[in-house]
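Below you'll find the structure, written out as structure tokens, and then a few comments.
Values below: all heavy atoms of this structure, side chains included; hydrogens, waters and symmetry mates excluded.
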Amino acid sequence: MIEKMKKITLVCLSSQRQTALAALQSLGLFHIAAAAEQASEESQTLLQKEKDLAQALFVLGTYAKTAEKQAAAPESPEKLVSRVLALSQGQKQNLERQAELRPAIEKLTPWGEFSTQALERFAASGWYSALCNASAEQMPQLPEDCFVQTVKQSAGRHYFIVFSPNPLPDMELPLEKFPQGMDLAALRQELAALQKEERQNEAELLLLAGSQLETLLQHKALLQEKIDYAAAKDAMSEAGDQLSYLSGYVPQQKLPELLEAARQEGWGLRHLEAELDDPEVPTKLRIPRRLQMAQQIFDFIGVLPGYNEIDVSVPMLVFLSIFCGMLVGDAGYGALLLAGGLGLFCFASKPGETKKRQGIMLLIIMSSCILTFGLLTGNWFGLPPEKLPLAMRGIPWFRDDSNSMNVKLLGFFIGAFHLSLARVWAAAVSGSLRQSLGHIGWLLFLWGNFFTVKMLLISGGSLGLFAKSLYVIGTVLILSCSVDWTDMGDIIYTPFNFINSLVDVLSYIRLYAVGLSSFFIAESFNAMSVMVWKSSPWLIPLSLVIILLGHCLNVALAAMGVLVHGIRLNTLEFSGHIGLSWSGKPYQPLKTAKHEE
């Protein structure tokens with residue numbers, strides 16, 4: 001459920017505003033209503049520090065995997081950030097300069113090392129010179145008073161110097177240009193120095209990644225605390241010369257704690273019921289303890305129901321798990337993922353790591369559904385059913401299914417049930433008999449769509465009397481109770497709503513189609529591996545690599561399918577029928593770095 005919120009106006013003496021904000025931050029309950037229109041200089045400075053810190057953490061994060069963890073003397077986080085950014089900027093400039101030097105050195109290499117002073121002495125003696133590069137076919141025709149000295153011939157190119165007693169710009173010569181200078185030894189020396197500096201910088205960054213990364217991560221939490229404090233101070237307004245006030249929201253269950261703090265600190269406090277149509281009210285979900293992993297789904301996709309909407313966290317967890325099972329549908333993959341999830345839960349997580357354990361539990365639930373559906377359908381790594389033991393070929397309803405008609409039927413049935421649940425729920429909370437009857441009408445129309453889809457794509461024949469009755473009764477209820485006949489837009493859009501309801505049921509065909517594609521990808525890689533295996537015994541290692549990489553790719557594609565199709569069916573089709581706009585703002589109270597909600 002979505003927790004009820006109280007709208008709070010807190011008043012304190014202007015001389016005590018910093019003390020009041022520090023007390024609110026230690027409570028960890030007060031969600032600031034809205035940020036200040038213009039951030040103060042302090043907030044801007046802190047935000048710039050946060051940006052610099054994020055960049056420093058990103059730099060060290062690229063070295064963290066190869067760095068050895070080691071203890072180091074304590075160092076100021078701000079100095080650490082400056083040091084890391086300076087090293088990173090130095091590395092960037094170093095590599096840019098190396099990128100300029102390498103082609104310059106490559107261009108000068110055929111000429112070898114020579115002294116530019118010699119060319120200057122020739123010029124002082126009245127002889128003009130030019131360094132040229134041309135193929136044998138492009139050698140220029142020179143006047144008789146010119147002298148040509150070939151330096152090197154390589155790869156069909158002629159490197160030569162032209163000497164002339166007359167100025168050379170009037171001649172069309174294939175001149176060599178050396179934007180980095182012509183001192184090859186100096187360029188090589190500079191490149192060697194840059195490469196040495198690059199290694200030193202990299203070693204220093206590796207050392208910092210191994211010894212100071214944790215320090216910067218802790219500093220990140222403390223810096224966020226300062227940013228929140230500064231933002232709250234910016235949001236606090238003046239009421240006269242002596243009073244300041246701050247508006248925000250507190251969960252109704254936590255209000256007694258805030259009232260007690262107000263009594264002890266001497267604040268004035270006004271609390272009202274948060275209005276349902278207030279767009280600033282945050283959403284705080286209260287999910288049953290054993291189903292807390294549903295919060296991980298919302299955090300991952302970055303959406304929340306609005307404060308005035310319905311909490312669909314539990315049905316989303318249930319149906320996303322079912323969709324995951326059908327979209328992947330391979331018992332072999334499910335067994336491996338389940339084993340991995342159980343291993344992580346037992347050996348790689350601690351009781352205090354709540355979010356990590358919730359994520360692992362979500363993996364266990366999803367993989368269990370994949371394993372279950374794979375067992376029912378007899379799909380094991382895309383292997384042909386006739387090569388599996390009878391016990392692994394699935395239940396007869398799926399095993400003996402021609403053209404996968406029963407899988408399609410199951411998908412459409414789950415879709416109709418899923419959307420019907422949304423309509424029943426919407427009818428239950430609508431608060432109006434007319435609206436409730438309108439939702440019931442759509443429910444009946446959805447089941448009429450189910451029978452229509454079944455007739456068109458699975459069973460054939462004609463639509464039965466029962467399905468026609470569903471359509472007639474549903475249409476009457478929709479037109480009489482769901483359509484606002486005073487709203488021309490609603491009237492015009494109603495025919496499209498009827499079409500969309502059929503399309504919504506049809507869209508659950510993706511549960512079959514994506515699962516089928518996963519099976520065929522696995523089968524194709526199996527066939528490729530067998531073909532390589534049979535061609536030569538020496539290629540057995542290659543065939544094993546093919547089958548391993550192929551199934552890893554298939555698992556990755558299946559995971560993408562769950563993210564795209566499974567989440568879509570919940571956040572679009574289901575949400576459209578229950579009336580969710582996903583306009584919620586997360587509840588983010590002012591709190592300290594060590595505070596736990």
Side-chain angles (χ1 to χ4, degrees), residues 35 38-109 178-181 183-231 234 299-300 302 348 353 355-356 359 556 588 592-594:
Q38 185 172 2
S40 64
E41 185 176 345
E42 178 187 4
S43 291
Q44 292 176 3
T45 301
L46 288 171
L47 289 172
Q48 182 59 46
K49 288 182 178 180
E50 182 187 37
K51 183 179 178 181
D52 292 342
L53 175 60
Q55 188 176 350
L57 286 171
F58 175 77
V59 171
L60 293 185
T62 59
Y63 293 91
K65 290 183 179 180
T66 54
E68 294 182 7
K69 290 190 177 182
Q70 50 189 297
E75 190 173 342
S76 165
E78 293 186 357
K79 289 183 179 179
L80 270 175
V81 169
S82 300
R83 186 176 165 193
V84 171
L85 293 182
L87 285 169
S88 175
Q89 184 63 25
Q91 282 289 75
K92 180 182 178 183
Q93 293 173 352
N94 183 310
L95 295 174
E96 287 175 353
R97 180 58 180 162
Q98 287 190 48
E100 293 174 352
L101 289 177
R102 285 194 175 91
I105 291 172
E106 185 179 352
K107 197 171 187 179
L108 268 171
T109 299
F178 304 101
Q180 304 299 328
D183 192 337
L184 181 59
L187 293 180
R188 284 173 171 167
Q189 186 176 358
E190 182 182 358
L191 179 61
L194 288 172
Q195 290 172 336
K196 181 180 179 181
E197 181 186 343
E198 179 191 357
R199 290 191 295 270
Q200 291 173 345
N201 289 346
E202 189 157 336
E204 190 170 355
L205 286 169
L206 275 170
L207 177 65
L208 291 174
S211 61
Q212 301 291 355
L213 184 59
E214 191 63 32
T215 301
L216 291 185
L217 288 172
Q218 293 173 2
H219 177 60
K220 180 182 179 181
L222 294 173
L223 183 60
Q224 186 60 53
E225 181 181 324
K226 293 179 181 179
I227 291 171
D228 293 342
Y229 180 90
D234 292 347
D299 293 343
F300 179 78
E353 297 174 331
K355 288 190 175 181
K356 185 176 181 180
Q588 296 175 329
T592 62
K594 297 181 179 179

Next on the checklist: Could you check whether any side-chain N or O of S88 sits under 3.5 Å from a backbone N or O of V84, counting only pairs where one atom can act as donor and the other as acceptor?
Outcome noted: no
Next on the checklist: For E106, I'd like to know if atom CD has over 12 heavy atoms of other residues, nucleotides or ligands within 6.0 Å.
Outcome noted: no
Next on the checklist: Just so I know, are the side chains of R83 and L208 near enough to count as touching, which here means a heavy-atom distance under 4.5 Å?
Outcome noted: yes
Item to check | Any side-chain heavy-atom pair of L194 and L95 under 4.5 Å | outcome: no
Next on the checklist: For A104 versus L187, what's the shortest heavy-atom pair and its separation?
Outcome noted: CB-CD1, 4.3 Å
Checklist outcome for this item: When every non-hydrogen atom of A209 is compared with those of A67, the smallest separation belongs to CB-CB, 3.9 Å
Item to check | Interatomic distance, T592 atom OG1 to Y229 atom OH [nearest 0.5 angstrom] | outcome: 13.5 Å
Checklist entry - Does a side-chain N-to-carboxylate-O contact under 4.0 Å join E100 and R97? => result yes
Item to check | Exceeds 12 heavy-atom contacts within 6.0 angstrom, atom CD of Q48 | outcome: yes
Checklist entry - What pair of heavy atoms forms the shortest contact from D234 to S43, and how long is it? => result OD2-OG, 2.6 Å
Checklist entry - Are L205 and Q200 side-chain neighbours, meaning at least one heavy-atom pair lies under 4.5 Å? => result no
Item to check | Closest heavy-atom pair and its distance - Q195, R102 | outcome: NE2-NH2, 3.3 Å
Item to check | From CD (E225) to CG (L46), nearest 0.5 Å | outcome: 11.5 Å
Item to check | CG-OH distance between L207 and Y63, expressed to the nearest 0.5 angstrom | outcome: 12.5 Å
Checklist entry - Any salt bridge between K226 and E42, counting N to O under 4.0 Å? => result no
Item to check | side-chain contact (heavy atoms from CB on, under 4.5 Å) assessment of K49 paired with L223 | outcome: CA-CA 8 Å; K49 288 182 178 180; L223 183 60; 4.2 Å; yes
Item to check | From E75 atom CD to L216 atom CG, the distance as rounded to the nearest 0.5 Å | outcome: 9.0 Å
Checklist entry - Are the charged groups of K69 and E214 less than 4.0 angstrom apart, N to O? => result no
Item to check | No-hydrogen, no-angle side-chain donor-acceptor test under 3.5 Å, E198 and Q98 | outcome: yes
Next on the checklist: Taking CD in Q189 as the centre, count heavy atoms belonging to other residues, nucleotides or ligands within less than 6.0 Å. Is the count above 12?
Outcome noted: no
Checklist outcome for this item: Rounded to the nearest 0.5 Å, the CG atom of L57 sits from the NE2 atom of H219 at a distance of 9.0 Å
Item to check | Pairing of E50 and K220 as salt bridge, 4.0 angstrom limit | outcome: no
Item to check | Q180 side, atom CD; L191 side, atom CG - distance, nearest 0.5 Å | outcome: 11.5 Å
